[in-house]
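A note on names: the letters A, B, ... follow the listed sequences, proteins ahead of strands, and every chain is numbered from 1.
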There are 2 protein chains.
Amino acid sequence: MAGVDFAGRVTLHDVAAAAGVSIATASKALNDTGRMSADTRARIRRVAQEMGFRPNVLAKSLTSKRSFTVGLLTNDTYGRFTLPVMAGISEGLIDHGVSVFLCTVEDNPELAKIHVDAMLDKQVDGIIATGKRIDKPLPVDLSKLSVPVVYALTAGPADAVTLLPNDRQGADEAVQHLIAERRQRIVHITGPGAFRVVQERAAAFSEALDRAGLPVSDAAILQGDWSERWGHEAVAMLWSGDAQPDGIFCGNDQIARGVIDALRERGVGVPAQVSVVGFDNWEIVAEQTRPPLTTVDMNLKELGRQAGQALLRLVNGEAVEQGLWKLPCTLVVRGS
Amino acid sequence: MAGVDFAGRVTLHDVAAAAGVSIATASKALNDTGRMSADTRARIRRVAQEMGFRPNVLAKSLTSKRSFTVGLLTNDTYGRFTLPVMAGISEGLIDHGVSVFLCTVEDNPELAKIHVDAMLDKQVDGIIATGKRIDKPLPVDLSKLSVPVVYALTAGPADAVTLLPNDRQGADEAVQHLIAERRQRIVHITGPGAFRVVQERAAAFSEALDRAGLPVSDAAILQGDWSERWGHEAVAMLWSGDAQPDGIFCGNDQIARGVIDALRERGVGVPAQVSVVGFDNWEIVAEQTRPPLTTVDMNLKELGRQAGQALLRLVNGEAVEQGLWKLPCTLVVRGS
DNA sequence: TCCGTTTGAGAAACCGTTTTCTCAAAACAA
DNA sequence: TTGTTTTGAGAAAACGGTTTCTCAAACGGA
């Protein structure tokens, strides 16, 4: 365990007194500004160190107009998506001395407003909005704030910085993997067509088949919901027809789980007869399927980290490319 | 969508000038302190309102010694446990104008120390430590800090306030439910014996059986790991013996899921022949099993809310009962 | 020796609030 | 009318820092 010092009641005033200088000189010594002899600077530093001086960031903020604090707004209470994003944000920002205010707002506009107001009152340098669905905005309008805003995994205005996984590229890798496994009759079992990710992944699916010279047909794309049950149903439908697929790309890991279970129940070998690829790399699902699921990882932690970096640049007034940032996904090959 | 005002560049100084009073008077008018005519107070208030004045909390904190900010430390990046706890904390504290710093520290002592230092530098009023396992501490010692600390779902020192779900009571309800369903031969399939929750739940299991006059035997408690696979294995073991159970209490929902799947594969009817109860109420698992899983909910959001309240009382110097707070679990009856 | 420059450090103002004093004017009592 | 109390409001210090200015002393060149 790392010990943590007794929190600092020691002020700059105390340090200055102990070192026998004015607080102005002490301040400059510790910030490497101003002019003074190397001796004086070193002495003050040493005294500060010995006394365990830790500057009060609040006081600093008052003059610097920077609070080294950002707000994180999320509408996701249970899901698996935002936690890694949040972890990435927090990890990426702490290196710069920036702390993150966590605010969960459900889908409640009043609650969201309260949280945003609280953040602004606390002088956050910027805000990151994050959610569980890339085509739905949070229940609050952040576009007219006086602080910069970055969107991650949630819909933002067109002129904002918005970070998303590259669903097309991820889906493309999944399908290419199936093709590399010499699969000829590949289908896509996915979620509701209203989700943008469904459209993106389906488009990439068709494109990849086309590029490989395989037949492309809308009938190969089965839309349902995001559940295991739908995976079961889809398999039942496919196996009641005349031609069965030998490769299945699923819209998420839960559907894939349902598909794999259904295939096993029918005595269809995975991956011997049919290869299955999922999407999300939700380890708790992907590692428990039999066989373990090959799936696409969205690198959400890295996405969070980059969201933090982007916000920091905006706060510093540096140029940041507006619009959609699509971050690469990674195929995780397991046994399916 | 709720609109959010343009963040406040308006200072108390501006309000005072606009109202033709000193900033001292303005401050007092807005805080309902000091002495002045009702007219003056109302006028200043109106002006402040019209100008959209929002006090700078940082400046306030400087004099009040309260930052209205607490730190939340967690070592859980993916799990399902801390997210609802965090949501509860955030929700419960925002009502008091308190914001929450989120810090994910994995199991990295250096990172943890950096985060704690950052929180102290930002003058947090208190800290909540939360984790995914009630018998493992975070990788940092928080016991000697100058701010109060509350532990939720993680191990803390004996003299601290620590909030946990009441595993015994939850397990008891689960077993009582099985007994009420007229099950006679009940077994407990659970996780690794090193986990305290395993011991607690197992103890409550035996006690409940005993109380009901049913035979108690160590052989009825099967320890494995937390996986679906173990659920399968355990069923295989049980059904290869001579006497099969008619009620199964599982240590978590994933094991229960494995158990239910294994029973279905063997043609054993759930709940016709065997009743199954899980633990966690992880909806994504519990609602997808066939039939949907009856399980124990730990009310984690409420736990988080109470953790926040407890910390607030400590911050205010109010008396708070030290030691373990065991919060009630709720049985959620579904179809198994 | 004299004058201009550099150096080292402190005084003071400032950031946005709160809070304790102080004090003139108004109200009241005699 | 005079003296005392109350009232309303402002001045100023404080919170913990940063930053701009000022200025004496040391230094360098002629």
Within this structure, what is the CE-to-C1' distance between B:Met36 and D:dT6, rounded to whole angstrom?
16 Å

Taking only N and O in the side chain of A:Thr63, is any of them less than 4.0 Å away from OP1 or OP2 of D:dG16?
no

Strictly distance-based, threshold 3.5 Å: is any side-chain N or O of A:Asp125 a donor or acceptor partner for the main-chain N or O of A:Phe68?
yes

Holding to side chain to side chain contact (heavy atoms under 4.5 Å, CB included), I want the full list of residues that pass it with A:Asn316, two or more places apart in sequence or in another chain.
A:Arg66, A:Glu318

Rounded to whole angstroms, how far apart are NE2 on A:His13 and C1' on D:dA14?
12 Å

At under 4.0 Å, does any side-chain N or O of A:Ser37 touch on OP1 or OP2 of C:dA9?
yes

Give a yes/no answer on whether the side chain of A:Asn56 brings an N or O atom under 4.0 Å of OP1 or OP2 in D:dC15.
no

From the options D:dG10, C:dT17, D:dG17, select the nucleotide whose nearest atom is closest to the side chain of B:Pro55.
C:dT17

Base, sugar-phosphate, or nothing for A:Ser27, non-hydrogen atoms under 4.0 angstrom?
base

Over all strands shown, is A:Lys28 touching base, sugar-phosphate only, or nothing at heavy-atom distances under 4.0 angstrom?
base

When you measure from the side chain of B:Thr162 to the backbone N and O of B:Trp325, does any donor-acceptor pair fall under 3.5 Å?
no

Could you pick out which residue, A:Ala24 or B:Arg35, lies toward the 5' side of DNA chain D when each is mapped onto its nearest nucleotide?
B:Arg35

Protein-nucleotide distance (A:Asp39, atom CG; C:dT7, atom P), rounded to Å:
16 Å

Output yes when at least one side-chain N/O atom of B:Lys65 is less than 4.0 Å from OP1 or OP2 of D:dG16, else no.
yes

Reckon B:Ser64 touches a base, only the sugar-phosphate, or nothing at all at heavy-atom distances under 4.0 Å?
nothing

Categorize B:Thr33 for me: base, sugar-phosphate, or nothing, with a 4.0 angstrom heavy-atom threshold over every strand shown.
nothing

Categorize B:Ile23 for me: base, sugar-phosphate, or nothing, with a 4.0 angstrom heavy-atom threshold over every strand shown.
base

Counting just side-chain N and O atoms, does B:Thr40 come under 4.0 Å of either OP1 or OP2 of D:dG8?
no

Would you compute the distance between atom CE of A:Met119 and atom OG of A:Ser67 and round it to the nearest 0.5 angstrom?
11.0 Å

Whole-Å gap separating P (C:dT17) and CZ (B:Arg66)
19 Å

Taking only residues two or more places apart in sequence, or in another chain, which ones meet B:Asn56 in a side chain to side chain donor-acceptor pair (under 3.5 Å)?
none

Side-chain N,O (A:Thr25) to OP1/OP2 (C:dG10) below 4.0 Å:
yes

Between C:dT17 atom P and A:Asp121 atom CG, what is the distance in whole Å?
10 Å

In whole Å, what is the span from the NZ atom of B:Lys60 to the C1' atom of D:dA14?
17 Å

Atom-pair distance (CG on B:Leu30; C1' on C:dT18), nearest Å:
12 Å

Taking the side chain from B:Asp117 and the backbone from B:Ile114, do they hold a donor-acceptor pair closer than 3.5 Å?
no

Length of the CZ-P vector between A:Arg41 and C:dG10, whole Å
13 Å

